[in-house]
Amino acid sequence: MSTEMKRRIFLKRSLAAGTVGIAAAAGLLAPQQILAAWNKAAFESKELSGALDALLGSSDMAASADITVKAPDIAENGAVVPVTIDAGMDGVESIAVIASNNPVPLVAHFIMGPGATGFVSTRIKMGKTGDIIGVVKAGGKLYSAKKEVKVTIGGCGG
Amino acid sequence: MAKSIKIRAKESGGITTVKALMSHPMETGGRKDSKTGKLIPAHFIQEVTCKHKGNTVMTAMWSGGISKNPYISFKFSGGAKGDELELAWKDNKGKSDSMSSTIK
């Protein structure tokens, strides 16, 4: 996908997000910052589908064998769970990391710029045993893969 | 503010792998202080951007679900040895920091 096409998609998205559109109209944000607006609704949603709807406009996703979610089978310490998501497909636009049983399921959303490959690695907190879901947006469609992680000590409260 | 970011970038076969560590408490806002029983206010990095020669190669939006002292790694193509790379973060209290490094 060309850079120009990506730009069109980004523009459409930013228009869809009302508050961001208003901020842009007021000239408060440079174009690059519009893309980088933090999605409050998505990150505060307690429901997985609600978070995905707010973040990506849809929660319909197809399971894909091209995505690898690498995480330990058993996490002794839920406060630090290493996660790597590797998407083998071309044209990855964004990768969302979800811990299904966390109080706030959406943990992170990585937006890939031109040239970035579908690979991210980070460390997340997990409140209790649950699935780590990697949702990859590529070519306007959502794909996902998941891995269950058993947590012995939760990392989200206390 | 002391520099809170460590960043390393290595180019190999056309792909640049970036690894970065930030020091930050990453409080979710849902945790209680064990002494006072009061909630510790949320304090976490919301946004991380990485720029290669002025172009944003990756933007990360985070919730408090990222571990304390966050680690991030990602890859991109188009980088060359010696190119400058800048990583910046911004948290929910409006604090920010940035760090530049060169690709090795």
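So that the names make sense, note that chain A is the first sequence line, chain B the second, and so on, each numbered from 1. Heavy-atom basis, side chains included; hydrogens, waters and symmetry copies ignored.
Under the rule for a side chain to side chain donor-acceptor pair (under 3.5 Å), the partners of A:Ser121 that lie at least two apart in sequence or sit in another chain are A:Thr84. Not counting sequence neighbours, the partners of B:Lys53 by the salt bridge (charged side-chain N to carboxylate O under 4.0 Å, His left out) test are B:Asp83.
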| request: Evaluate salt bridge (charged side-chain N to carboxylate O under 4.0 Å, His left out) for A:Lys146 paired with A:Glu148, printing each intermediate quantity in order. | output: CA-CA 7 Å; A:Lys146 62 185 176 183; A:Glu148 193 192 24; over 6 Å; no
| task | List the steps, then state whether side chain to side chain contact (heavy atoms under 4.5 Å, CB included) holds for A:Met112 with A:Val120. | result | CA-CA 10 Å; A:Met112 314 320 271; A:Val120 284; 4.0 Å; yes
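A distance of 5.0 Å separates CG in A:Leu142 from OG in A:Ser58, rounded to the nearest 0.5 Å. Of the inter-residue distances, the one linking A:Leu52 atom CG with A:Leu106 atom CG reads 7.0 Å to the nearest 0.5 angstrom. Between atom CG of residue B:Leu87 and atom CH2 of residue B:Trp89 there is a gap of 11.0 Å, rounded to the nearest 0.5 Å. In this structure, CD1 in B:Ile15 is found 5.5 Å from OG1 in A:Thr117, a value given to the nearest 0.5 Å.
For the 3.5 Å distance criterion, the side chains of B:Ser4 and B:Asp97 qualify, holding a donor opposite an acceptor.
Annotation: residues 37-46 of chain B contacts chain A through B:Phe44, B:Gln46 [non-hydrogen atoms, separation under 4.5 Å]. Of residues 74-82 of chain B, those residues lying under 4.5 Å from chain A by any heavy-atom pair are B:Phe74, B:Lys75, B:Phe76, B:Ser77.
One N or O on the side chain of A:Thr122 and one on the backbone of B:Tyr71 form a donor-acceptor pair closer than 3.5 Å. Here the side chain of A:Asn102 pairs a donor or acceptor atom with the backbone of A:Lys125 at under 3.5 angstrom.
Of the listed residues A:Pro82, A:Ala116, A:Ala99, the one with more heavy-atom pairs under 4.5 angstrom with chain B than any other is A:Ala116.
Looking at A:Val83, there are no atoms closer than 4.5 Å to chain B (heavy atoms on both sides), in backbone or side chain. Neither the backbone nor the side chain of B:Lys19 comes within less than 4.5 Å of any heavy atom of chain A.
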